[in-house]
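Just so it is clear: chains get the letters A, B, ... in the order the sequence lines come, proteins before strands, and each one is counted from 1.
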There are 2 protein chains.
Amino acid sequence: MGTVSSSSYHHGDLRRALLDQAVPLIAEVGPASASLRELARRTGVSHAAPAHHFGDKPGLLAAVAAEGFDLLADRLRAATETTGSLVEVGVAYVRFALDHPAHFATMFRPDLLPEADPVLTAARDRAGDVLHAAVATTAGGVLAEDPRTGAVAAWSLVHGFATLWSSGALPGRSHPDADPDELARAVAGVLTR
Amino acid sequence: MGTVSSSSYHHGDLRRALLDQAVPLIAEVGPASASLRELARRTGVSHAAPAHHFGDKPGLLAAVAAEGFDLLADRLRAATETTGSLVEVGVAYVRFALDHPAHFATMFRPDLLPEADPVLTAARDRAGDVLHAAVATTAGGVLAEDPRTGAVAAWSLVHGFATLWSSGALPGRSHPDADPDELARAVAGVLTR
DNA sequence: GGGGGAATCTTGTCGGTGGAAAGATTCGGT
DNA sequence: ACCGAATCTTTCCACCGACAAGATTCCCCC
């Protein structure tokens with residue numbers, strides 16, 4: 001493994017290179033307008049190379065989304081372990097959305113993602129488990145009678161805030177010039193009364 | 001007004017007809033994949049007719065989104081006046097997202113919408129005003145110290161739930177077979193806990 | 001009532017995109 | 001060294017968004 005090929009035909013790890021180029025491309029033009037051909041152009045390969053590794057465009061986006069769910073799971077786990085605070089876990093969720101806009105913009109787009117992708121589903125489930133665990137350990141059922149309801153509510157709150165903020169619906173209206181971190185903390189604070 | 005033209009050249013109210021056909025089309029394939037040409041095909045006009053009325057594809061989606069914000073404002077206003085309950089206003093928000101998936105899926109997509117569209121901005125501001133008023137009259141500042149923070153939190157909660165539900169991230173996981181209305185009510189209930 | 005300008009809609013065209021098919025090149029196991 | 005398999009390229013087709021130019025109809029004003 002790891003042998004670097006000097007040939008121009010075999011890339012070595014083209015799949016990894018394509019993914020790394022796809023993220024900034026998606027960040028620029030959005031997952032809907034990110035084209036496989038432009039991705040191939042930026043990576044310096046033929047326009048059909050991406051299709052070989054990802055099948056089709058939904059396949060590429062599924063790989064990005066799966067990577068995003070794994071990154072998100074890491075962030076939530078780290079926030080849970082280091083702070084033990086539900087609010088900080090929520091802030092970590094929002095920070096992930098702002099730090100990785102391309103991933104976040106791809107992860108919740110069923111119209112662009114394949115309907116049933118095993119690795120995507122697995123990554124999504126892993127992140128869901130981490131999130132449920134985080135809510136359980138930091139807010140042991142004080143949010144609602146049913147702990148699952150509390151988890152859904154906490155998830156909805158931070159996810160909605162991240163979505164609204166990154167869609168540009170919030171700034172300029174309610175809070176003219178606010179730091180998203182501070183605003184996120186205040187909003188997440190609603191969870192703890 | 002209202003004179004029906006028997007000619008095949010002038011439609012009468014093609015703009016309205018295009019919008020009415022665009023909504024189910026978007027509901028089927030999503031706002032990103034909804035094509036002006038398929039829309040023209042379904043409406044029985046030439047492939048360039050939509051561009052005449054909406055300029056380009058972002059222009060069409062802006063019209064759909066603006067219609068959606070007006071519909072949403074009506075729903076929120078009605079819920080505020082008839083129930084006076086913050087939870088029911090939240091449920092109305094979720095119901096709107098589920099009842100009008102095409103509109104909702106279009107409204108918060110800055111990558112597909114024109115950056116500055118006067119009628120869209122106006123409709124969005126109207127809906128924002130109604131939402132802020134609804135939160136103010138039904139929960140007079142009990143959510144957070146800053147009433148604007150409370151409004152953002154309430155909005156984030158219901159928007160996040162609607163987004164997560166319609167993206168398919170929720171069902172099957174936390175709540176195997178749940179009625180979205182009931183789950184929305186339980187989640188929104190966290191606000192008045 | 002009849003011109004004439006303007007609005008509406010069509011036809012034709014161009015570059016770009018996704019996807020499939022088939023071929024060229026290289027890798028890796030035996 | 002060989003041969004199958006994986007990787008990547010080339011070629012091709014249908015569809016899409018956008019633009020330009022032309023055809024048709026409406027409506028207002030004289």
Side-chain angles (χ1 to χ4, degrees), chain A residues 1-22 25-26 28-65 106 109 111-115 117, chain B residues 1-22 25-26 28-65 106 109 111-115 117:
Chain A
M1 59 169 269
T3 36
V4 176
S5 167
S6 65
S7 82
S8 64
Y9 222 96
H10 279 34
H11 181 281
D13 196 354
L14 181 54
R15 180 190 166 89
R16 183 70 252 158
L18 287 170
L19 271 179
D20 291 343
Q21 292 286 329
L25 174 59
I26 292 172
E28 285 180 33
V29 302
S33 302
S35 80
L36 297 178
R37 290 174 112 98
E38 174 64 19
L39 172 60
R41 229 171 276 131
R42 295 189 179 195
T43 315
V45 293
S46 84
H47 66 82
H52 175 71
H53 286 279
F54 302 102
D56 52 7
K57 183 170 173 179
L60 167 70
L61 297 181
V64 173
T106 308
R109 293 284 279 272
D111 57 329
L112 301 179
L113 295 170
E115 302 158 16
D117 186 293
Chain B
M1 57 169 262
T3 38
V4 175
S5 166
S6 64
S7 83
S8 65
Y9 222 97
H10 279 34
H11 181 281
D13 197 354
L14 180 54
R15 181 187 167 89
R16 184 69 252 159
L18 287 170
L19 272 179
D20 290 344
Q21 291 285 329
L25 173 59
I26 293 173
E28 284 180 32
V29 302
S33 302
S35 81
L36 297 178
R37 290 175 112 99
E38 174 63 19
L39 172 60
R41 229 171 275 131
R42 295 189 179 194
T43 315
V45 293
S46 83
H47 65 83
H52 175 71
H53 286 279
F54 301 103
D56 52 7
K57 183 172 173 178
L60 167 69
L61 297 182
V64 173
T106 309
R109 293 285 280 273
D111 58 329
L112 301 179
L113 294 170
E115 300 159 19
D117 185 293

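For the pair A/Arg37 CZ and D/dA14 C1', the interatomic distance rounds to 12 Å; values are reported in whole Å. As a whole-Å value, the separation of A/Leu18 CG from D/dT7 P is 12 Å. Protein atom NE2 of A/His47 is 15 Å distant from nucleotide atom P of C/dA21, rounded to whole Å. Rounded to whole Å, atom C1' of C/dT8 lies 12 Å from atom CG of B/Asp13. To the nearest angstrom, P of D/dC16 lies 11 Å from CZ of B/Arg42. In this structure, the CG atom of A/Asp56 is 12 Å from the C1' atom of C/dA20, given to the nearest Å. In this structure, the CZ atom of B/Phe54 is 11 Å from the P atom of C/dC9, given to the nearest Å. As rounded to whole Å, 10 Å separates atom P of C/dG18 from atom CG of A/Leu39.
Within the 4.0 Å cut-off from OP1 or OP2 of D/dC8, not a single side-chain nitrogen or oxygen of A/Ser46 is found. When the side-chain nitrogen and oxygen atoms of A/Arg41 are compared with OP1 and OP2 of C/dT17, one or more of them lie within a distance under 4.0 Å. Contact annotation: A/Arg15 side-chain N/O to D/dC8 OP1/OP2 distance is not under 4.0 Å.
B/Leu112 contributes atom CG, which lies 11.0 Å from atom CG of B/Leu60 (distance to the nearest 0.5 angstrom). Rounded to the nearest 0.5 Å, atoms CG (B/Asp20) and CZ (B/Arg42) are 13.5 Å apart. Taking NE2 of B/His52 as the start and OG of B/Ser46 as the end, the distance is 10.5 Å to the nearest 0.5 Å. Here OG1 of A/Thr106 is found 5.5 Å from CG of A/Leu61. Values are rounded to the nearest 0.5 Å. Taking CD from A/Glu38 and CD from A/Glu28, the interatomic distance works out to 8.0 Å, rounded to the nearest 0.5 Å.
For C/dT10, its base never sits under 3.5 Å from the side chain of B/His52 at any donor and acceptor pair.
If you check C/dG18, D/dT9, D/dA18 against the side chain of A/Val45, the one that comes closest is D/dT9. Counting only heavy atoms from C-beta on, B/Ser35 has its side chain closest to D/dG17 among C/dT10, C/dT17, D/dG17. Here C/dG19 is the nucleotide among C/dC9, D/dA18, C/dG19 with the atom lying nearest to any side-chain atom of A/Lys57.
Across all strands shown, A/Ala51 has no heavy atoms under 4.0 Å from either base or sugar-phosphate atoms. Among the atoms of the strands shown, none is found under 4.0 Å from any heavy atom of A/Ala40.
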